[in-house]
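Working notes, beginning with the structure itself.
Please read these numbers as outputs of a predicted model, since none were measured by experiment.
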Amino acid sequence: MAASGVKRPPRPAPASSGGMVRKLILALAVFLPALVYQQLQPPPPKICGSPGGPPVTGTRTQLKDGRHLAYLESGVPKDQAKYKIIFVHGFDSCRYDALPISPELAQELGIYQLSFDRPGYAESDPNPASTEKSIALDVEELADNLQLGPKFYLMGFSMGGEIMWSCLKHISHRLAGVAILGPVGNYWWSGLPSNVSWHAWNQQLPQDKWAVWVSHHLPWLTYWWNSQKLFPASSVIAYNPALLSEEDKLIMPKFAFRTYMPQIRQQGECSCLHRDMTVGFGKWSWSPLELEDPFAGGEGKVHLWHGAEDLIVPVSLSRYLSEKLPWVVYHELPKSGHMFPLADGMADTIVKSLLLGDQPPQA
């Protein structure tokens with residue numbers, strides 16, 4: 001008991017519950033966005049040749065902006081070639097996935113083929129500022145660095161096939177002829193009627209509709225969307241067998257069990273696969289439907305090939321483009337799926353059509 005006459009010290013007033021709640025809300029308002037931002041950011045790429053990055057094992061050339069492109073030469077020696085072809089690989093691929101032209105045809109016609117790792121794939125440096133135009137300019141600079149001359153032939157498959165449209169727009173003056181093989185299409189290209197784009201859109205699996213939609217409308221979310229485990233992301237990245245036609249099932253072992261597959265994504269999926277998606281399905285300022293015949297003088301041709309049973313890239317967009325661009329020579333393969341360029345003898349058929357104008361029977 002306190003001594004008589006001694007006053008007790010005043011007790012501190014209890015903190016109001018309202019003040020504590022406000023502090024908690026403020027802390028969460030700062031912490032949660034930072035946490036979410038961290039989760040959405042892709043890891044930095046593992047640049048080939050950098051400390052801790054994968055080694056450089058192939059031949060590379062340096063571009064004007066300092067980036068390197070790894071490349072592979074095949075066929076006859078360049079200085080003996082009658083025809084020089086640059087091949088642009090597709091999604092989840094690299095320079096080793098060049099069109100398998102037979103050595104016999106290469107020797108007979110004098111074909112030199114140059115394939116390269118697109119930016120971010122295998123041993124080519126990523127391009128964080130890549131656009132549909134930048135890859136076309138990379139192709140042109142590669143041709144100059146390798147001294148291919150004023151004109152060359154160009155072939156592209158799948159996502160590389162979509163890039164052919166960009167090359168026709170931006171570097172058509174360098175092209176002697178173009179083969180577009182099973183090209184990816186952008187459902188938001190201007191000039192596509194809604195019924196055409198909607199029909200093609202609905203040919204995809206539901207999870208791929210979402211993955212493509214995110215790539216177009218929310219590109220900053222593409223990495224998280226394709227790396228989270230809450231629900232299925234891109235079935236193309238996951239190699240879903242449901243995407244294979246009957247013919248593709250027979251051909252796919254040639255593609256799925258490549259010994260060099262670990263190299264393809266070694267710099268990080270966000271630098272290659274996710275960048276491919278945000279550029280390929282992004283917001284283009286123009287459309288292939290606006291293109292004019294780059295070979296109006298008859299000095300070359302544009303050939304478009306597509307398998308009617310393609311379950312990965314809907315054929316309907318290629319059909320529509322070929323109808324609206326009468327200067328495109330369209331080849332539809334009635335029983336083929338997406339992987340038709342790897343079918344026995346098909347590469348030689350494609351090349352002879354491009355270089356010699358051979359016209360195989362149409363569907």
For the residue pair Trp201 and Tyr187, categorise the inter-ring angle as parallel (less than 30°), tilted (30 to 60°) or perpendicular (more than 60°).
-> perpendicular
Measure the CG-OG1 distance between Leu273 and Thr222 for me, rounded to the nearest 0.5 Å.
-> 11.5 Å
Enter the distance from Met252:CE to Leu243:CG here, rounded to the nearest 0.5 Å.
-> 9.0 Å
With sequence neighbours excluded, what pairs up with His217 under the ring pair (Phe, Tyr, Trp, His ring centres under 6.0 Å) test?
-> Trp188, Trp213
In this structure, are over 12 heavy atoms from other groups packed under 6.0 Å from Asp65 atom CG?
-> yes
Roughly how far apart are Asn226 CG and Ile237 CD1, rounded to 0.5 Å?
-> 4.0 Å
Looking at Gln62, Arg67, His68, which hits side-chain hydrogen bond (donor to acceptor under 3.5 Å, both in side chains) with Asp125?
-> His68
Heavy-atom neighbours of Trp327 CH2 exceed 12 at 6.0 Å | yes
Before giving the answer on side chain to side chain contact (heavy atoms under 4.5 Å, CB included), spell out for Thr259 and Tyr96 the whole-Å C-alpha distance, their side-chain angles and the decisive distance to 0.1 Å.
-> CA-CA 10 Å; Thr259 58; Tyr96 295 118; over 6 Å; no
Residue pairs involving residues 143-156 (criterion side chain to side chain donor-acceptor pair (under 3.5 Å); sequence neighbours excluded) = Thr61-Asn145, Asp144-Arg174
Roughly how far, to the nearest 0.5 Å, is CG of Leu63 from CD of Glu141?
-> 4.5 Å
For Ser322, enumerate each residue passing the side-chain hydrogen bond (donor to acceptor under 3.5 Å, both in side chains) test, keeping only those at least two apart in sequence or located in another chain.
-> none
Ser318: partners by side-chain hydrogen bond (donor to acceptor under 3.5 Å, both in side chains), with sequence neighbours left out | His306
Write out all pairs satisfying side chain to side chain donor-acceptor pair (under 3.5 Å) with one or both partners inside residues 72-82, taking only residues at least two apart or from two chains.
-> Glu73-Tyr112
Would a hydrophobic clustering, with Ile, Leu, Val, Met, Phe, Trp and Tyr connected at side-chain separations under 4.5 Å, put Val279 with Ile163?
-> no
Does the side chain of Lys283 pick up a donor-acceptor pair with the side chain of Asn186 at under 3.5 Å?
-> no
Results of side chain to side chain contact (heavy atoms under 4.5 Å, CB included) for Ser271 - residues two or more places apart only | Pro45, Pro126
May I ask whether Leu321 and Trp284 are part of the same hydrophobic cluster, defined by side-chain heavy atoms of I, L, V, M, F, W, Y residues being less than 4.5 angstrom apart, directly or through others?
-> yes
Can you tell me how far CD of Glu140 sits from NE2 of His170, rounded to the nearest 0.5 angstrom?
-> 11.0 Å
Residues that Phe255 engages under ring pair (Phe, Tyr, Trp, His ring centres under 6.0 Å), provided they are two or more places apart | none
Between OH of Tyr223 and CE of Met277, what distance do you get to the nearest 0.5 Å?
-> 14.5 Å
From the list Trp165, Tyr330, Trp305, side-chain contact (heavy atoms from CB on, under 4.5 Å) with Ile180 holds only for Trp165
Partner set under side-chain hydrogen bond (donor to acceptor under 3.5 Å, both in side chains) for Gln207, not counting sequence neighbours = none
Do any pairs count as a ring pair (Phe, Tyr, Trp, His ring centres under 6.0 Å) and have a residue in residues 118-145, sequence neighbours left out, and if so which ones?
-> His89-Tyr121
Results of ring pair (Phe, Tyr, Trp, His ring centres under 6.0 Å) for Phe257 - residues two or more places apart only | none
side-chain hydrogen bond (donor to acceptor under 3.5 Å, both in side chains) involving Arg275 - partner list, sequence neighbours excluded = none
Could you tell me whether His338 and Phe157 have their ring centroids closer than 6.0 angstrom?
-> yes
Could you give all pairs that pass the side chain to side chain donor-acceptor pair (under 3.5 Å) test and reach residues 97-111, with sequence neighbours left out?
-> Asp97-Arg258, Asp97-Tyr260, Ser102-Asp348
